[in-house]
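Atoms within a ligand are numbered from 1 in the order they appear, just like the ligands themselves.
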Amino acid sequence: MIQTKGYAAQSPTTELAPWNFERREVGPHDVQFSISYCGVCHSDLHQIKNDWFPGIFPMVPGHEIVGTVTKVGDHVKKFKVGELAAVGCMVDSCRECENCKQGLEQYCLVGNIQTYNGRGKDGVPTYGGYSNTIVVHEDFVLHISDKLSLPAVAPLLCAGITTYSPLKHWKVGKGHKLAVLGLGGLGHMAVKFGVAFGAEVTVLSTSAKKEADAKKLGAHKFVVTSDPEQVKAVTGYFDFILDTVSAEHDMDLYLSLLRTNGTHICVGVPSEPYSIRPFSVLGGRKSLAGSGIGGIPETQEMLDYCAEHGIVSDIELIDIKNIQTAYERMLKGDVRYRFVIDMATL
Ligand code: NAP
Ligand code: ZN
Ligand code: ZN
């Protein structure tokens with residue numbers, strides 16, 4: 001077994017602290033890489049706190065993982081020692097269902113295997129990227145460009161693909177008015193992709209102080225959602241809303257901002273169910289939709305697109321010792337716009 005150093009939550013009520021554990025030896029199809037950086041996703045916090053379902057503890061979070069390959073199995077074809085490599089939210093899936101066969105492993109009908117807070121096919125819990133090394137089957141390891149800033153690439157593995165995938169699926173682009181609801185880790189990537197795809201992008205935010213940043217990210221408009229006048233001005237306005245909000249919010253209000261036939265796409269996952277009046281969708285034949293991360297082929301496509309267009313995340317690099325402070329700031333919406341852990345501080 002491979003001795004591994006990491007940071008774990010021992011229970012939903014304890015703070016993260018150093019924890020040593022073991023990973024499997026490198027199998028014939030496995031890639032091992034040393035982790036240089038790992039992004040901090042709001043999903044890490046949801047899962048540590050058991051917001052969605054009872055988690056598997058000790059829990060080592062982290063699914064925005066980049067680093068350098070240190071060892072490959074005998075049959076590995078895609079990677080060589082010394083190359084950059086990345087892993088996102090999944091480390092395996094059934095590979096046989098109709099979704100897996102189409103490269104939609106995130107929607108595996110048997111259930112994909114999450115990078116952490118899941119169990120591998122061997123039944124052993126999976127542990128994430130807040131650690132010094134990881135071993136993953138080569139089919140779930142991604143290539144990244146050495147032309148981009150490595151720590152700023154890490155968030156593409158979740159925040160990037162989670163926003164890229166729905167924008168591609170609904171073909172959001174030129175001629176569309178797109179609202180990005182919530183300017184955090186996912187939201188700021190949604191702005192970058194929405195602008196790159198040619199849409200008119202408006203940020204809907206609770207934080208007036210993020211306006212200048214939104215414009216710098218390329219957003220065309222900015223609406224403070226606590227100001228009724230500003231909200232009124234965009235009522236019935238948007239073709240799409242990409243909802244990245246992590247906490248309870250007024251869905252009826254946001255649905256009223258869609259034009260006829262508009263689509264509200266949920267990617268944020270608050271812990272409580274949404275409450276929605278049927279009239280909010282039937283008036284104007286609106287659609288309420290959702291989207292989860294992205295499959296492996298599309299994640300590679302997104303990484304290649306970002307390399308070609310120079311797109312990375314705007315990050316604040318942190319020492320792993322400050323992870324609790326980062327979580328506290330994240331809960332207050334004070335993220336500019338993704339915390340990334342420098343794993344050299346482990
Ligand atoms: P984040 O960086 O904390 O950003 C969330 C943003 O939502 C905040 O910055 C804030 O933006 C806004 N917000 C927070 N509380 C709000 C409230 N009560 N009402 C209105 N707006 C509020 O989080 P993230 O990492 O981007 O993740 C966002 C959500 O997506 C989380 O629930 C996460 O679990 C989920 N997620 C889903 C997927 C998927 O596959 N679908 C993948 C990754 C993450 P403003 O200050 O601009 O208002
Ligand atoms: Zn995530
Ligand atoms: Zn499957």
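Heavy-atom contacts of Val267 reach the following atoms of ligand 1: 30 (O), 35 (C), 36 (N), 37 (C), 38 (C), 39 (C), 41 (N) (cutoff under 4.0 Å). Listed by atom number, the atoms of ligand 1 under 4.0 Å from Lys210 heavy atoms are 9 (O), 11 (O), 45 (P), 46 (O), 47 (O).
Within the set Cys41, Ala208, Ser205, the minimum heavy-atom distance to atom 45 (P) of ligand 1 is found for Ser205.
Between the side chain of Glu64 and the backbone N or O of Ala159 there is at least one donor-acceptor pair closer than 3.5 Å.
Nearest heavy-atom pair, Asp239 versus Gly175, reported as atom, atom and distance to 0.1 Å: OD2-O, 4.1 Å. Scanning both residues, His63 and Cys38, for their nearest heavy atoms gives N-SG, 4.2 Å. Annotation for Val60 and Tyr116: closest pair O-CB, 3.2 Å, computed over non-hydrogen atoms. The two atoms that bring Gly333 and Lys210 nearest to each other are O-NZ, 2.8 Å, heavy atoms only.
Ligand 1 lies less than 4.0 angstrom from a heavy atom belonging to Trp52.
Looking only at side-chain heavy atoms (C-beta outward), His143 and Leu303 stay at 4.5 Å or farther from each other.
When heavy-atom distances to ligand 1 are checked against a 4.0 Å cut-off, Ser291 comes that close only through its backbone atoms N, CA, C and O. Residue-level proximity to ligand 1 for His42 is carried by backbone and side chain together, each with a heavy atom below 4.0 angstrom.
Listed by chain and residue number, the protein N/O/S atoms under 2.8 Å of the Zn ion (ligand 3) are Cys94 SG, Cys97 SG, Cys100 SG, Cys108 SG, with waters left out.
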